[in-house]
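Predicted model only: the values in this text are computed from it and were never measured.
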Amino acid sequence: MTTLHLDAEALYQDLQQGVRHLLRHDTALVGIWSGGAWLAERLHRDLGLPGQHGVITSALHRDDFGSRGLAGGADHTQLPFEVEGRHILLIDDVLYTGRTTRAVLNELFDFGRPASVRLAVLVDRGGRELPIEPAYSAARVSLPATQRLSLARDDEGRFSFRIETLAL
């Protein structure tokens, strides 16, 4: 059995370089709650971008809302800028089926019609169920469907990964 070791801090540095190439002068970073929001916050600061980054949640537009319900700890969408006509760069930690991204796009369009929307992720784990692909991913990994990869952040803001095995 192979053990997966991912250095989240090294991947963050790769993501930072990739995002730098995707930015336009009027691009707004929007982090997908929660790992993507942490990444967007740090990217915004480290890249010295003007204004504020946004945070968006998929909670109200999920296709499994009936079975999952509204997560108690989920933050509300906060977009401190005009979405209409804006270039948006969505940031997420792990891209898997694409369903969260689809739900976030629906939420984003509730706030207006952006000029463009691109996606950058720390890790693309494949397994797509929808035709959604990132413009940039720092890593691509393959995990069984029974495992969940999630980003963690310590008190100093350093990133690491957790791999959980899901009960069937």
Side-chain angles (χ1 to χ4, degrees), residues 1-19 22 29-46 53-79 88-110 117-168:
M1 176 178 205
T2 304
T3 303
L4 179 65
H5 295 285
L6 291 173
D7 182 341
E9 282 296 320
L11 291 177
Y12 171 78
Q13 296 302 318
D14 289 346
L15 179 65
Q16 184 178 347
Q17 291 306 312
V19 164
L22 296 175
L29 292 184
V30 176
I32 299 173
W33 181 257
S34 66
W38 300 335
L39 290 165
E41 176 183 24
R42 189 161 153 195
L43 284 165
H44 195 270
R45 182 188 69 232
D46 291 349
H53 71 284
V55 175
I56 195 163
T57 180
S58 64
L60 296 178
H61 292 281
R62 294 192 61 89
D63 57 9
D64 58 356
F65 183 81
S67 62
R68 284 176 58 136
L70 186 59
D75 264 5
H76 299 286
T77 295
Q78 299 170 15
L79 300 172
I88 304 292
L89 180 56
L90 291 175
I91 306 292
D92 206 2
D93 55 350
V94 179
L95 176 60
Y96 183 32
T97 63
R99 292 182 180 280
T100 297
T101 306
R102 189 231 19 108
V104 162
L105 288 170
N106 286 354
E107 175 80 1
L108 183 65
F109 275 79
D110 284 350
V117 181
R118 298 179 87 184
L119 174 66
V121 299
L122 198 58
V123 176
D124 179 351
R125 64 170 284 184
R128 216 75 75 240
E129 296 173 0
L130 297 172
I132 293 174
E133 290 298 318
Y136 183 84
S137 63
R140 293 180 191 268
V141 301
S142 181
L143 289 173
T146 57
Q147 291 185 326
R148 175 182 295 147
L149 179 66
S150 57
L151 189 67
R153 180 176 70 166
D154 68 17
D155 292 338
E156 286 79 41
R158 287 186 307 264
F159 298 125
S160 61
F161 285 106
R162 287 191 312 256
I163 298 177
E164 304 169 51
T165 300
L166 306 172
L168 293 179

Item to check | Shortest non-hydrogen contact from Leu29 toward His44 | outcome: CD1-N, 3.8 Å
Checklist entry - Between Arg125 (side chain) and Pro144 (backbone), is there a donor-acceptor pair under 3.5 Å? => result yes
Checklist entry - How long is the span from the CH2 atom in Trp33 to the NE2 atom in His76, to the nearest 0.5 Å? => result 10.5 Å
Next on the checklist: Please enumerate all residues that pass side chain to side chain contact (heavy atoms under 4.5 Å, CB included) together with Ala8, with sequence neighbours excluded.
Outcome noted: Leu151, Phe159, Phe161
Next on the checklist: Quick check for you: to the nearest 0.5 Å, what is the distance between Tyr136 atom OH and Leu89 atom CG?
Outcome noted: 12.0 Å
Item to check | Option among Ile32, Leu15, Asp92 that satisfies the side chain to side chain contact (heavy atoms under 4.5 Å, CB included) test with Leu39 | outcome: Leu15
Checklist entry - Any idea which heavy atoms bring Ala139 and Leu11 closest together, and the distance? => result CB-CD2, 3.7 Å
Checklist entry - Taking only residues two or more places apart in sequence or in another chain, which ones pass side-chain hydrogen bond (donor to acceptor under 3.5 Å, both in side chains) with Tyr12? => result Asp46
Checklist entry - Step by step, would you call Thr97 with Arg102 a side-chain contact (heavy atoms from CB on, under 4.5 Å)? => result CA-CA 10 Å; Thr97 63; Arg102 189 231 19 108; over 6 Å; no
Checklist outcome for this item: Value for CZ (Arg153) from OG (Ser34), rounded to nearest 0.5 Å, stands at 8.5 Å
Checklist entry - So how far is it from Ile56 CD1 to Thr101 OG1, rounded to the nearest 0.5 Å? => result 10.5 Å
Checklist outcome for this item: Hits for side-chain hydrogen bond (donor to acceptor under 3.5 Å, both in side chains) against Glu156, two or more places apart or cross-chain, chain-then-number order -> Arg158
Next on the checklist: Could you report the tightest heavy-atom contact between Ser150 and Glu164, atom names first, then the distance?
Outcome noted: OG-OE2, 3.7 Å
Next on the checklist: Quick one, Leu105 with Leu90, criterion side-chain contact (heavy atoms from CB on, under 4.5 Å). Give me CA distance, side-chain angles, the key distance, then yes/no.
Outcome noted: CA-CA 9 Å; Leu105 288 170; Leu90 291 175; 4.1 Å; yes
Checklist entry - Taking only residues two or more places apart in sequence, or in another chain, which ones meet Glu9 in a side-chain hydrogen bond (donor to acceptor under 3.5 Å, both in side chains)? => result Arg42
Next on the checklist: Would you compute the distance between atom CD of Gln16 and atom CG of Leu122 and round it to the nearest 0.5 angstrom?
Outcome noted: 12.0 Å
Checklist entry - Taking only residues two or more places apart in sequence, or in another chain, which ones meet Glu107 in a side-chain hydrogen bond (donor to acceptor under 3.5 Å, both in side chains)? => result His61, Thr77
Checklist entry - Just how far is it from atom CG of Leu6 to atom CZ of Arg162, taken to the nearest 0.5 Å? => result 14.0 Å
Item to check | Qualifying residues under side chain to side chain contact (heavy atoms under 4.5 Å, CB included), relative to Ser137, sequence neighbours excluded | outcome: Val121, Asp124, Pro134, Arg140
Checklist entry - Are any of the side-chain heavy atoms of Glu133 and Leu95 separated by less than 4.5 Å? => result no
Checklist entry - What is the minimum heavy-atom distance between Gln147 and Leu143, and which atoms define it? => result OE1-CD2, 3.4 Å
Checklist outcome for this item: When every non-hydrogen atom of Ala138 is compared with those of Asp14, the smallest separation belongs to CB-CB, 4.0 Å
Checklist outcome for this item: Smallest heavy-atom separation, Leu22 atom then Ala120 atom, equals CD1-CB, 4.2 Å
